[in-house]
2 protein chains.
Amino acid sequence: MAEDLVARLGHLTLGSRLKRLGERLQSETSRFIRAEGADIPASWFPVLASLDRAPASVGELAEQLGVAQPGVTRTVTSLADLGLVTVAADGDDRRRRTVALTAAGAALVERARRDLWPRIDAAVAEACGGLEGSLLEQVAGLERRLDDRPLDRRAAELATTAEHAAPVAPATPGAEGVS
Amino acid sequence: MAEDLVARLGHLTLGSRLKRLGERLQSETSRFIRAEGADIPASWFPVLASLDRAPASVGELAEQLGVAQPGVTRTVTSLADLGLVTVAADGDDRRRRTVALTAAGAALVERARRDLWPRIDAAVAEACGGLEGSLLEQVAGLERRLDDRPLDRRAAELATTAEHAAPVAPATPGAEGVS
DNA sequence: CCTCATTCGATAACAGGTTATATAGCAGCA
DNA sequence: TGCTGCTATATAACCTGTTATCGAATGAGG
């Protein structure tokens, strides 16, 4: 009955499995965001969130977000095409390009911070809540819970009981950032 | 000081983070395999492991491995190009294509089962060992441990203290064929 | 000043996952 | 018999990550 072989292989295939689970979370999150009328992929939000704290160069974003530089370049290009950020050559060092939110970008972040992020965060927290045991066991548990109720459904249903929406990452620069 | 913003955002970006971590495990595993002289990506092994139990159609593989069908088609095509599997039209239902290991494929699986998988499994288990707490905390912990000593180094070093290489997957009821 | 190594970012190519769609075969039924 | 619809696979296109590499700008040293 087609049990999941990858799951059965245990640690051997943890990589595949985490990747699959991550993609699933991303895509369900994106679906929720789309349903809320903001048609931008979930993966762009970290860049926006960072820029909301302060403008930054491409390399700074890459370091801050922990992704490779070409990934940032691509996302920034897309954001610029949508008019959400500006990209300007740095005055001091003309190799650097400084990325900053436009008014539209800031408005989007504002809205996301208010309406979207708290619910996404709460939905993920709910899906992960109470999981116990080893990493492998918790991964399996999260997979099961998402089978049961996907993330976008969880986030949408949280909407109805709005007071759940807990405040998310208080964007204060590094204050609580234990790293 | 560029703490990891994605990590700071907590549950909100768990998807990105899991995906990144999974990719990292996959690529470090592939690096180890390459260093051992078998130049095939880690992501192909689940297919080989499944076929080692029994030939299967593309759709059966997809279901068993929990991935989408086109992904299986692509992997199978590559494996066939390398002569590790054969793909033959099913006699009963000519829509189906039955995939089976060749002798070379079976030999590779044999070797992997003996020399590679136990060490990879042990290395991952070592990297995950003793992690505690919530999923988020364990993910952070695993990231830190891999920063400290990447998976391929762990697997390689296990080699030297060979008796560590505990028989692995046998753990699960049938990594070698039971179920 | 000039040269040369380094750094920044863009670009290209690849990986491994996805969805959407086209095609071919099968099967039920009028 | 032939239509109609479902199923199995392949193919195309996309996403978001990666590495490798290149050009331009910087800056240190001779």
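These figures come from a predicted structure and were not determined experimentally. Quick note on labels: first sequence line is chain A, next is B, and so on, each numbered from 1.
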Less than 4.0 angstrom between a side-chain N/O of A:Ser16 and OP1 or OP2 of C:dG17, yes or no?
yes

Presence of B:Ser27 side-chain N/O under 4.0 Å of D:dT18 phosphate oxygens OP1/OP2
no

What's the [atom1]-[atom2] distance between [X] and [N], to the nearest Å?
{"X": "A:Glu23", "N": "C:dT19", "atom1": "CD", "atom2": "C1'", "value": "12 Å"}
{"X": "B:Leu25", "N": "D:dT18", "atom1": "CG", "atom2": "P", "value": "14 Å"}
{"X": "A:Glu63", "N": "C:dT7", "atom1": "CD", "atom2": "P", "value": "13 Å"}
{"X": "A:Ile40", "N": "D:dT16", "atom1": "CD1", "atom2": "P", "value": "10 Å"}
{"X": "A:Arg24", "N": "D:dT16", "atom1": "CZ", "atom2": "P", "value": "18 Å"}
{"X": "B:Leu21", "N": "D:dT18", "atom1": "CG", "atom2": "C1'", "value": "15 Å"}
{"X": "B:Leu65", "N": "C:dG16", "atom1": "CG", "atom2": "P", "value": "14 Å"}
{"X": "A:Arg17", "N": "C:dG16", "atom1": "CZ", "atom2": "P", "value": "19 Å"}

Regarding [X] and [Y], does a basic nitrogen lie under 4.0 Å from an acidic carboxylate oxygen?
{"X": "A:Glu60", "Y": "A:Arg96", "result": "yes"}
{"X": "A:Asp148", "Y": "A:Arg153", "result": "no"}
{"X": "A:Glu28", "Y": "A:Arg154", "result": "no"}

Which atom pairs link the protein and nucleotides 6-14 of chain D when you take only N or O atoms and keep those under 3.5 Å?
residue	atom	partner	partner atom	Å
D:dT7	O4'	B:Arg95	NH1	3.4
D:dT7	O2	B:Arg95	NH1	2.7
D:dT9	OP1	B:Arg97	N	3.1
D:dT9	OP2	B:Gly59	N	2.7
D:dA10	OP1	B:Arg97	NH1	2.4
D:dA10	OP2	B:Thr73	OG1	2.9
D:dA10	N7	B:Gln69	OE1	3.4
D:dA10	N7	B:Gln69	NE2	2.6
D:dA10	N6	B:Gln69	OE1	3.3

If you assign each of B:Asp92 and B:Val67 to its closest nucleotide in DNA chain C, which residue comes earlier from the 5' end?
B:Val67

For DNA chain D, whose closest nucleotide is more 5', that of A:Gly91 or that of A:Ala68?
A:Ala68

Does B:Asp90 reach a base, just sugar-phosphate, or nothing at all? Heavy atoms under 4.0 Å.
nothing

Just checking A:Val72: base, sugar-phosphate only, or nothing, at a heavy-atom cut-off of under 4.0 Å?
nothing

Is there a donor in the side chain of B:Glu23 and an acceptor in the side chain of B:Ser27, or the other way round, less than 3.5 Å apart?
no

Flag side-chain contact, heavy atom, 4.5 Å: A:Ile40 against A:Leu108:
yes

